[in-house]
Amino acid sequence: MPDRARTPRRGLMLVISSPSGAGKTSLSRRLIAEHQGQIELSVSCTTRAPRPGELDGREYHFVSTDEFEEMIRGQAFLEYATVHENRYGTPRDAVMAMLELGRDVLFDVDWQGAFTISAGAPGDVVRVFILPPTMADLRSRLLARAQDDPKVIERRLSRAEGEIEHWTEYDYVLVNDDFDCAYEELRRIYLAERSRRERNAWLAAFVRGLLAEGS
């Protein structure tokens, strides 16, 4: 049998983006919940205030603007960006350590973050973009969520078209018109990408062993 413990597969970065309200967070949470021990969420730092029910260290690391700037100067981020007047950044060291251990990391980021992460580690990244079925549906979801001020919702909607224009920069694009169907597509993408030859270092020794048996 192959010794996967000594030469584990290299983890992947699953980058999921969408306009606010298209469903990336719900899809991400379900994937993580159903694949515990394999993939975990990268917890970003942000300068925005917590929303109701959010906890520091779970949804985000909530930091001050000064703390965020200090982390930039220390090159502590894989990527960082300003989104809706707030700053977001992905801590570098924790992510790279997980990949080396064969753990997968999921990123719930915008197109700017996806671009920067991909540029820095193209072989480790799988990019998925989530589209809403209609713009009217997107508006309804944001209103039903009731987490933001109406003015914030309007700003998010006004920026959605610009975000959607980046869909061609992704490896996979899903339309979230049915949550269960969209999730099943996402799950299949994730499992297939885990099995890529170049991510499974143990295979080379395993194949050499097979060939040795036949010689």
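None of the values given here were measured: they were computed from a predicted structure. FYI, the numbering just counts along the sequence from 1. All values below were derived from every heavy atom in this structure, side-chain atoms included, with hydrogens, water molecules and symmetry-related copies excluded.
- A 6.0 Å sphere centred on CD of Gln75 holds no more than 12 heavy atoms belonging to other residues, nucleotides or ligands.
- Ionic pairing of Glu70 and Arg73 is present here: one or more N-O contacts between side-chain nitrogen and carboxylate oxygen are shorter than 4.0 angstrom.
- A donor-acceptor pair under 3.5 Å links the side-chain atoms of Asn200 to the main chain of Arg194, judged by distance alone.
- Residues Tyr172 and Tyr190 place their aromatic rings such that the two centres sit no closer than 6.0 Å.
- Scanning all heavy atoms of the two residues, the minimum distance from Gly23 to Ser18 falls at N-OG, 4.3 Å.
- In this structure the side chain of Leu142 never reaches within 4.5 angstrom of the side chain of Arg139, judged on heavy atoms.
- No cation-pi contact links Arg87 to Phe68, judged by a cut-off of 6.0 Å to the six-membered ring centre and 45° from its axis.
- To the nearest 0.5 angstrom, Asp177 atom CG is 10.0 Å from Thr134 atom OG1.
- Contact check for Val95 versus Thr90: side-chain heavy atoms found under the 4.5 Å cut-off.
- Annotation for Arg141 and Pro133: closest pair NH2-CD, 3.6 Å, computed over non-hydrogen atoms.
- The 12-atom threshold is not exceeded at CZ of Arg197, counting heavy atoms of other residues, nucleotides or ligands nearer than 6.0 Å.
- The pair Asp180-Arg187 does not count as a salt bridge, with every side-chain nitrogen at least 4.0 angstrom from each carboxylate oxygen.
- With sequence neighbours left out, the ring-ring contact (aromatic ring centres under 6.0 Å, His included) criterion links Phe107 to no other residue.
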Between Met71 and Tyr80, is a side-chain contact (heavy atoms from CB on, under 4.5 Å) present by the stated rule, with each step listed? CA-CA 10 Å; Met71 295 179 77; Tyr80 61 91; over 6 Å; no

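- Both Val126 and Leu191 are assigned to one and the same hydrophobic cluster, defined by single-linkage of ILVMFWY side chains at heavy-atom distances under 4.5 Å.
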Should Arg127 and Glu169 be marked as a salt bridge (charged side-chain N to carboxylate O under 4.0 Å, His left out) after you check the CA-CA gap, both sets of side-chain angles, and the distance that decides it? CA-CA 8 Å; Arg127 297 159 296 185; Glu169 299 167 12; over 6 Å; no

Derivation of the side-chain contact (heavy atoms from CB on, under 4.5 Å) call for Arg103 and Leu99: CA-CA 5 Å; Arg103 299 290 299 277; Leu99 296 188; over 6 Å; no

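- Using a 4.5 Å heavy-atom cutoff, the side chains of Ile39 and Leu31 are in contact.
- Grouping the Ile, Leu, Val, Met, Phe, Trp and Tyr side chains by contacts below 4.5 angstrom, directly or via other members, places Val15 apart from Trp167.
- Shortest non-hydrogen contact noted between Leu138 and Pro19 is CD2-CB, 4.1 Å.
- Rounding to the nearest 0.5 Å gives a distance of 13.5 Å between CG of Leu174 and NZ of Lys24.
- Note that the OG atom of Ser44 and the CG atom of Asp108 stand 8.0 Å from one another [nearest 0.5 Å].
- Between Glu161 and Met135 there is a side-chain heavy-atom pair separated by less than 4.5 Å.
- Across Asp110 and Gln112, no two heavy atoms sit closer than the pair OD2-NE2, 2.9 Å.
- Atom CZ in Arg9 sits 11.0 Å away from atom CD in Glu198 (nearest 0.5 Å).
- In this structure, Glu193 pairs ionically with Arg199, as a charged nitrogen and a carboxylate oxygen lie closer than 4.0 Å.
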Start with the C-alpha gap between Glu79 and Tyr88, add the side-chain angles, then the distance that decides, and say whether side-chain contact (heavy atoms from CB on, under 4.5 Å) holds. CA-CA 8 Å; Glu79 60 81 30; Tyr88 296 82; 5.7 Å; no

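- Using a 4.5 Å cut-off between side-chain heavy atoms of Ile, Leu, Val, Met, Phe, Trp and Tyr, with links allowed through other members, Ile130 and Ile189 fall into the same hydrophobic cluster.
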Going through the checks in order, is the side-chain contact (heavy atoms from CB on, under 4.5 Å) test met by Met13 and Ile117? CA-CA 9 Å; Met13 302 186 204; Ile117 293 170; 3.6 Å; yes

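- Formation of a donor-acceptor pair under 3.5 Å by the Asn176 side chain with backbone atoms of Ala22 is found in this model.
- By the rule that hydrophobic residues join a cluster once side-chain heavy atoms approach within less than 4.5 Å of another member, Phe129 and Phe115 end up as members of separate clusters.
- Counting only heavy atoms from C-beta outward, the side chains of Leu14 and Val128 approach each other to under 4.5 Å.
- Distance check: Glu163 CD to Leu131 CG gives 11.5 Å after rounding to the nearest 0.5 Å.
- Using a cut-off of 4.0 Å between Lys/Arg side-chain N and Asp/Glu carboxylate O, Glu85 and Arg155 are scored as salt-bridged.
- If you chain together hydrophobic residues whose side chains sit under 4.5 Å apart, Val109 and Val125 fall into the same group.
- Closest of all the heavy-atom pairs between Pro132 and Ile164 is CD-CD1, 4.4 Å.
- Between Pro91 and Phe77, the shortest heavy-atom contact is N-CD2, 4.0 Å.
- Salt bridge annotation for Arg58-Glu54: absent, with no cationic side-chain nitrogen under 4.0 angstrom from a carboxylate oxygen.
- Salt bridge status for Glu34 with Arg30: present, with a side-chain N to carboxylate O gap under 4.0 Å.
- Looking at Tyr170 and Ser118, their side chains never come closer than 4.5 Å, going by heavy atoms from C-beta outward.
- Using a 4.5 Å heavy-atom threshold, the side chains of Ile16 and Leu186 count as touching.
- Taking the six-membered ring for Trp and thresholds of 30 and 60 degrees, Tyr183 and Phe179 have nearly parallel ring planes, at less than 30 degrees apart.
- Contact of the Asp104 side chain with the Leu12 side chain is registered, since non-hydrogen atoms from C-beta on lie closer than 4.5 Å.
- Rounded to the nearest 0.5 angstrom, Cys45 SG and Glu67 CD are separated by 9.0 Å.
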